[in-house]
Every structure is written in C-alpha cells, then in structure tokens.
There are 2 protein chains.
Amino acid sequence: MPEGSFERMWADLAPVGRHPGTGGYRRYAWTRTDDTLREWFRAEAERRGLDVVPDRAGNLWAWTADPDAAGPGLVVGSHLDSVPDGGAFDGPLGVVSAFAALDDLRARGFTPSRPVGIACFADEEGARFGIACAGSRILTGALAADRARALTDDEGTTMAEALSAAGTDPRLLGRDDDALRRIGAFLELHVEQGRALADGAEAVGVGTSIWPHGRWRLDLRGRADHAGTTRLADRDDPMLGLAAAIQEARSAAERHGAVATIGKLRVRPNGVNAIPSEVTAWLDARGPLDEEVRAVVHEVGRAAGADPVEESWTPTTRFDGALRDRLATLLGTDDRSAPILATGAGHDAGILAAAGIPTAMLFVRNPTGVSHSPAEHAETADCLAGVAALARAIEALT
Amino acid sequence: MPEGSFERMWADLAPVGRHPGTGGYRRYAWTRTDDTLREWFRAEAERRGLDVVPDRAGNLWAWTADPDAAGPGLVVGSHLDSVPDGGAFDGPLGVVSAFAALDDLRARGFTPSRPVGIACFADEEGARFGIACAGSRILTGALAADRARALTDDEGTTMAEALSAAGTDPRLLGRDDDALRRIGAFLELHVEQGRALADGAEAVGVGTSIWPHGRWRLDLRGRADHAGTTRLADRDDPMLGLAAAIQEARSAAERHGAVATIGKLRVRPNGVNAIPSEVTAWLDARGPLDEEVRAVVHEVGRAAGADPVEESWTPTTRFDGALRDRLATLLGTDDRSAPILATGAGHDAGILAAAGIPTAMLFVRNPTGVSHSPAEHAETADCLAGVAALARAIEALT
C-alpha cells in the first residue's frame, strides 16, 4: 500500500461529527454530518478513478469496472454512520480499509479479473430512525419502502423528509434488484466488538455467524400528576414499570444465557416535579439461540406490564461456509487457520447473507472489546494488518 | 365584575404555548412563548391604567398607585409559566383572577386606600433551569444572582444568555430591596393541586403551610459499551442504579410518610444498542416533616449508589397566622370559617413568606386533584368564586 494511505484517510475522517464534549461521534443518517461523510466517500472514489453509483436504498457503490458489463463483482466496505457518541472504528474502519486495500493491490500492480466494489452503507446503526442496517434492509427488501419512509426521528422528522432534505428523492426508495445483481460476494471488515481476539496472537479473525438479535419498544403509560401533591396511593407512575423492566432485562438475560440492554429512554413530560404520563424504553436483546432471546423479551414485557413492540428482529445469520473456510485458510499461518468467531453485533453483511448473497466478515482486534463508545479502539498496526488481510482476500477472490 | 372579563382573559391565554399533540402547555422561562405571556400581562395592565414595573429578578409588578409614594401595597398575583405539558390553571388562574378581581372592585366603585399590585412572577416552575420559584428566590436573595446566571437548560444555554436573548440585562439580576419594600402583604390565588376541597361544599380554601420540599440530582455513572457484544459480567450499566433509585423512592416515601418522585431523566448516549455511560435522575421529595424528607433522599441515594446533589431545598413554610385567620373568617359562612389546608406544592408565596413578608394563599377547588398535566381542571363557577373571594380579600385588606 502507498505509505500513509490509511493514516491520511483516517486523519481526514477524525474530526467529522466528533462531539467536542464527549469525544464521541454523532454521525446520524441523512444529516449534514452524514452528507460530509458521503462527500468524503465520493472524493476518495474519484481520486482512484472509481465510478460511484447510488442505489435505491441510499447506499453508495464505488466500482473499479462496470459490474453490469463485466459481471458481478466482489464488494468490500462497511458504513460511516455512528451510534450516539460512538467510536471512530465501528464502520469507518471497513470503508477506509477497503480503499487502502485497493491502493495496496494497485501499488503491487495487481489487476482484478472481475469488478471490485467499495460499499458505503447508509444508516447502519439506526441511531436516528430506530432500525439498524436500514440501508441494506431497504436494498434487499427486508424493510419495506413505505415503512422506511414513515419512520420518524426524535424530532418527529420522517425518513422521507430527511431524505428530501439531503437531496435524495424518497419516492425512489425500495428494493434494488439491479444493485443486488452486481454483488457476486460481499466481504465486510469491522473492528471486533468483543475480546475474542484480544489475548491471542492474531490481529484478524474471520466471522462465522451473527447472533439472533432484535429491538423492542416498551410503551409504559401512566398518568401525569403533580409530584408534590399526589398521594402515593393515587399515583399511576410509569417509572415503576421501567424499574421492573430494567431489573428483569438483566436477570432474564442471565437465566437464558443471553444479553439484554435498556439503553434508550424517553420520558414525558420529563419534568422534575411531574409524575410522568409515559415512559418509553427500548430493549435490545441478543443471544446464541433464537428461543432464549424471545424468552427474555417476553419476561421483560411481563415484568414491566407492557407488550413489547418488535421494531426489528434478525434470526441467526450464518456467513457463507465455503467463503469463511477459504478466508480462514488464506489468512492463517502454515500450521493453523485464522481465528473464527461469532458476534453479537448486527451488520449489513448479515442482511446481505440473509438475502442469499455469499458473504463473509473479517474482524480486527480490539484490545478492550469496548465498542459504541468514544473509548472504542484498535491499534494502528492491527488496522494495517486488517488492510493487508483484506487485500489478500480481494486478490484471492477476484 | 364586568361580565365576561375573566372568560375573555382565559380565552386569550388558552392558545399560548399549548402543544397541539399533547394538549399540554410548554411555557418556559425566557422563551418566545414566555415573552408572549409577558406582553399579554403588560397589555392587560395598560388596559386598566396600571403602571408595570419590572424588578431586578425579572418579575413584573402592575400597580394601581405608586407604592414608593403611597406606602407599601397589597400584592395579588401568581405566575404564567408552566411545567412541560402542564395544565392551564397552575399559575395563570392567579394572575387572571387578580385582574378580574380588580375589575370587580372597580365596577362596584371601590377605591383601595393603599396601592394594589398585581404580580407576574418569572420562572416559577423551574422547568427550564431546574430551580423552582427562581423569580421570587432571586428577588429575595434566596438564589444568588451569580448562581442563577450560570444555571443551564438542557441545550446548555445559561440563564444569563436566555435573559439577554429575551432583552433583559442579566447583569442587573439580584435581590431587589426596592421591590420588596413595596410589598406590604402578598396574597396568591392558585388552583388546588390535591383533593382537599374536592368533596366539600366550598370552592375556595385558605392555605396554612407548604411542606418542606426539595430537588436532588443523582449522577449515575457507568461505562458506554456495545449492547450486543459486551458480556453481562463485563458491564457497568448505570440503568441498574436507576432502577434501584426508582424503587427506593417509592418504598422510602411510604416508610417515611412522604412523597418522592423521579420524573426527569437524562440518558447518555441514549442509543438503543449502547449501554449508557451516564444516567442522570432528578428526585423530588416532600412531606410534612423535614427530617423524614431528608431520610427519604438519603435512602434513595444509598440504594442508587450515588450521593444526591441538592439543587434546591425549602423547609416548612408557614403563612402569616393572623392573615390566614382573617381570610378564613372573611370567606367563611356565618357559622363556620373557610376550609384551611396545607399543600405539598411550592409557590412564590412560600418564598416571600420565608423572607418575612406577610403572605397568604387561596386555593380554588380542583375536582380531580390532578395538576401538572393537561387534565388539570377547575370548573368556571369555582374560578369565578375564586375571583369573588380575592376581590373580598382585597377590599378587606386595603
């Protein structure tokens, strides 16, 4: 790879959407910050002579050659958006590494025998409209265009309005068979979000599967009233249901060998001296087994006294077995293959895999395992090992 | 009273700051909505030939005669701001009734022998900057000007900035001895926020005292992390402390014969798939006895694993005994005095009473007791009975 190509891109992205107070990133879909990121993607593609083609789902695809003419290509890439106050690596590492890997191959004079695409998926985190992997879900039809357009953010802005404001026609939104046909295989590099690689010798691992996971909304309703003058016996305070939900999320997850999190709340009216009329809590639940995750959600709803409303659900996703084995051998040493790991995090790769596209993932070591946090980190040497692994994979697969 | 005077004012105020979705009022201090309300107050004063004098705390005083020349006056009035999604009555009923009572007296040809002032207190609910009765506290020096100027709202705007934006010079903020000297006595009419009057024959009662009450902030700190990939054992999730705080607020209040409420939360980063780094919860606690309220706060802090930060504290406030008895007799029937009641709600009247000003309150019947809610209500006949009672009180006291 040309000296410093990765580092230059990394430095260019570093300030975009970074909150000076928290040090975390606030890169939400279809905002001005998102627009800056997409401009950056287009500029990097142009610098390399790649054609950028948007699809009907708002994702961007930068191609080395026309996949409609030269046949389906190998796509690498990830996303650029973040959770609220997220880290620098989740998403951007995959996009930056894809460009850097292409630079590496070109510097070595390698010419792929089929088109290579670099993907920039829209709205992977779902931080603004509540549905993770919205770009890939719309692309594959897993999320219907009508439902997507009607999703609202916390300010009441619909996705359709946000798309329009960003200069994208929301009427075009929908499953895009042309874009899907161009993807011969998809390979997503991502920072690891756990510690499976942290204590080992290898900086890069190969993904096997994504746990079943979903998001549920708990609408806890009560009656707004004055905090100073309403007797305890006369109260209908939805905070009590919230407390029960939080505690049950932890204990049910322990019982079922899963993880469950209440990380987002909305309180109405949210006044110090007002008993709330409504508390909305979002439950994120995942685990190795579908039925155990379902049991956790059911038990949290029962404890809270509310029916959990399913906002998204993704069953177990297994990546392509042949591709996985080939990458593990390719990236391993003489006497053993690269580490293989499952993950609790959802990814666009999982959505494409569920749509029948041969898909694999590479994970780059995360020393603390911390993710979705400003403390998320990967050593530069490990990131460069990831670029090298990605370049070898592209070389082998094209 | 001139026919329809009360109803006209009530109808004029009805749309100001009303949220079309919730039906509640969002009238926060030093906003454009607040400015509209203050303009309304000035216009009503002007219509009656009253001079409006602001004080150094942002409160407005409309006088029938110059209290600096004619000696301290009797002040009636209340506030126009609201809690988030509050009701129409809490505050405005006292201001509208004050103007209507003056109309009544004038229509009957009564001329007070000392100045009558109508007060419009600023920022009574503390909905924006977190300190209730900020206007009267600054006026009396109970809230230091430096601390007030530095208070911030949820957007990070300081009170000083908000004052400047509203055209009020924040450098002038502070205790105002001139304004205090003009208040011979203060009488605040308010909608009842409980059901002490609801099942009785009388529409108007007289206040005796305000419970000791305060607000505390619980800063619950954890570590942001990915909701899908972080093992339960590795988590430091501040939501669990919140759940303990909510439950202890209820059970400690029951044990101590008090009321305690967690009605406002702030979660960071507040993402569905992120374990929070920080949860901030505000605790409102009140009760008949200071030490029992203190015990509740201590026990909630212990359960949550955080030291409660006191944002405000008001010990028991007793209204002027002689004034109370005189009003109870005046407003009673031949054979018994008007109902006497204590309240768990703080009021500007309590702040003035604590500063040594002879102060009393009148409460107007609330059929459900609900307050700080769009459902807050008082029947028009009861409101008009309140106006009549206020007029009789002004007549007797001036």
Side-chain angles (χ1 to χ4, degrees), chain A residues 22 24 83-86 125-127 130 132 192-194 211 213 215 223-232 234 237 239-240 242-244 246-247 250 253-254 259 261-265 267-277 282 284 286 343-346 369-375, chain B residues 22 24 83-86 125-127 130 132 192-194 211 213 215 223-232 234 237 239-240 242-244 246-247 250 253-254 259 261-265 267-277 282 284 286 343-346 369-375:
Chain A
T22 63
V83 295
D85 288 331
E125 299 289 2
E192 199 203 340
Q193 299 176 285
W211 283 358
H213 59 280
R215 296 174 175 194
R223 192 177 59 247
D225 222 326
H226 191 292
T229 58
T230 314
R231 294 186 310 165
L232 297 178
D234 292 339
D237 183 350
M239 281 286 181
L240 295 173
L242 172 66
I246 293 168
Q247 289 176 330
R250 172 59 61 100
E254 279 169 354
V259 294
T261 308
I262 292 179
K264 178 174 177 175
L265 299 176
V267 179
R268 287 187 168 146
N270 209 31
V272 181
N273 53 359
I275 298 163
S277 58
W282 280 265
D284 179 300
R286 321 186 189 209
T343 176
V370 169
S371 182
H372 285 192
S373 154
Chain B
T22 62
V83 295
D85 287 332
E125 298 289 3
E192 199 201 341
Q193 298 176 287
W211 282 359
H213 59 281
R215 295 173 176 194
R223 193 178 59 247
D225 222 327
H226 191 290
T229 58
T230 314
R231 296 185 308 167
L232 297 178
D234 291 339
D237 184 350
M239 280 286 181
L240 295 173
L242 172 65
I246 292 168
Q247 290 177 328
R250 172 59 61 100
E254 280 171 351
V259 294
T261 307
I262 292 179
K264 178 174 177 175
L265 299 176
V267 179
R268 289 191 166 141
N270 210 31
V272 181
N273 53 358
I275 298 163
S277 58
W282 280 265
D284 179 300
R286 321 185 190 209
T343 176
V370 168
S371 181
H372 285 192
S373 155

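Below, chain A is the first sequence line, B the second, and so on; all start at residue 1. Just so it is clear, the structure is predicted and the values come from calculations on it, not from any experiment.
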Peer 1: Which atoms of B:Val370 come close to chain A, meaning under 4.5 Å heavy atom to heavy atom: side chain ones, backbone ones, both, or neither?
Peer 2: both
Peer 1: Given the options B:Leu232, B:Thr22, B:Val83, which has more heavy-atom pairs under 4.5 Å with chain A than any of the others?
Peer 2: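 Result: the option with the highest number of such pairs is B:Leu232.
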Peer 1: With a 4.5 angstrom heavy-atom cut-off, is it the side chain or the backbone of B:Glu192 that approaches chain A, or both, or neither?
Peer 2: neither
Peer 1: Where on B:Arg215 is there a heavy atom nearer than 4.5 Å to chain A: the side chain, the backbone, both, or neither?
Peer 2: side chain
Peer 1: Calculate, to the nearest 0.5 Å, the distance between atoms CG and CE belonging to B:Leu242 and A:Met239 respectively.
Peer 2: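 Between atom CG of B:Leu242 and atom CE of A:Met239 there are 7.0 Å.
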Peer 1: Considering all heavy atoms of both residues, which atom of B:Pro269 and which atom of A:Pro84 are nearest to each other, and what is their separation?
Peer 2: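 Of all heavy-atom pairs spanning B:Pro269 and A:Pro84, the closest is CB-O, 3.0 Å.
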Peer 1: Measure the spacing between CG of B:Asn270 and CH2 of A:Trp282 and express it to the nearest 0.5 Å.
Peer 2: 8.0 Å
Peer 1: Pick whichever of B:Ala227, B:Gly194, B:Ser373 has the most heavy-atom pairs under 4.5 Å with chain A.
Peer 2: B:Ala227
Peer 1: So which residue, A:Arg268, A:Glu125, A:Gln193, A:Arg223, ends up with the most heavy-atom pairs under 4.5 Å with chain B?
Peer 2: A:Gln193
Peer 1: Between A:His372 (side chain) and B:Asn273 (backbone), is there a donor-acceptor pair under 3.5 Å?
Peer 2: yes
Peer 1: With heavy-atom distances below 4.5 Å as the criterion, would you say the side chains of A:Ile246 and B:Asp237 are in contact?
Peer 2: no
Peer 1: Minimum heavy-atom separation for A:Ala243 and B:Gln247, please, with both atom names.
Peer 2: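 Nearest pair, atom of A:Ala243 first, then B:Gln247: CB-CG, 3.7 Å.
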Peer 1: With a 4.5 angstrom heavy-atom cut-off, is it the side chain or the backbone of B:Thr230 that approaches chain A, or both, or neither?
Peer 2: backbone
Peer 1: Side chain, backbone, both or neither: which part of B:Ala345 has a non-hydrogen atom closer than 4.5 Å to chain A?
Peer 2: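 It is both, since atoms from each part get that close.
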Peer 1: Give, for atom NE2 of B:His226 and atom OG1 of A:Thr261, the distance between the pair rounded to the nearest 0.5 Å.
Peer 2: 9.5 Å
Peer 1: Identify which part of A:Ala127 has an atom lying under 4.5 Å from any heavy atom of chain B, answering side chain, backbone, both or neither.
Peer 2: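 Neither part.
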Peer 1: If you count heavy-atom pairs under 4.5 Å between each of A:Gly126, A:Gly263, A:Gly344, A:Ala253 and chain B, which one has the most?
Peer 2: A:Gly263
Peer 1: Who among A:Ile262, A:Asp225, A:Asp284 has the most heavy-atom pairs with chain B under 4.5 Å?
Peer 2: A:Asp225
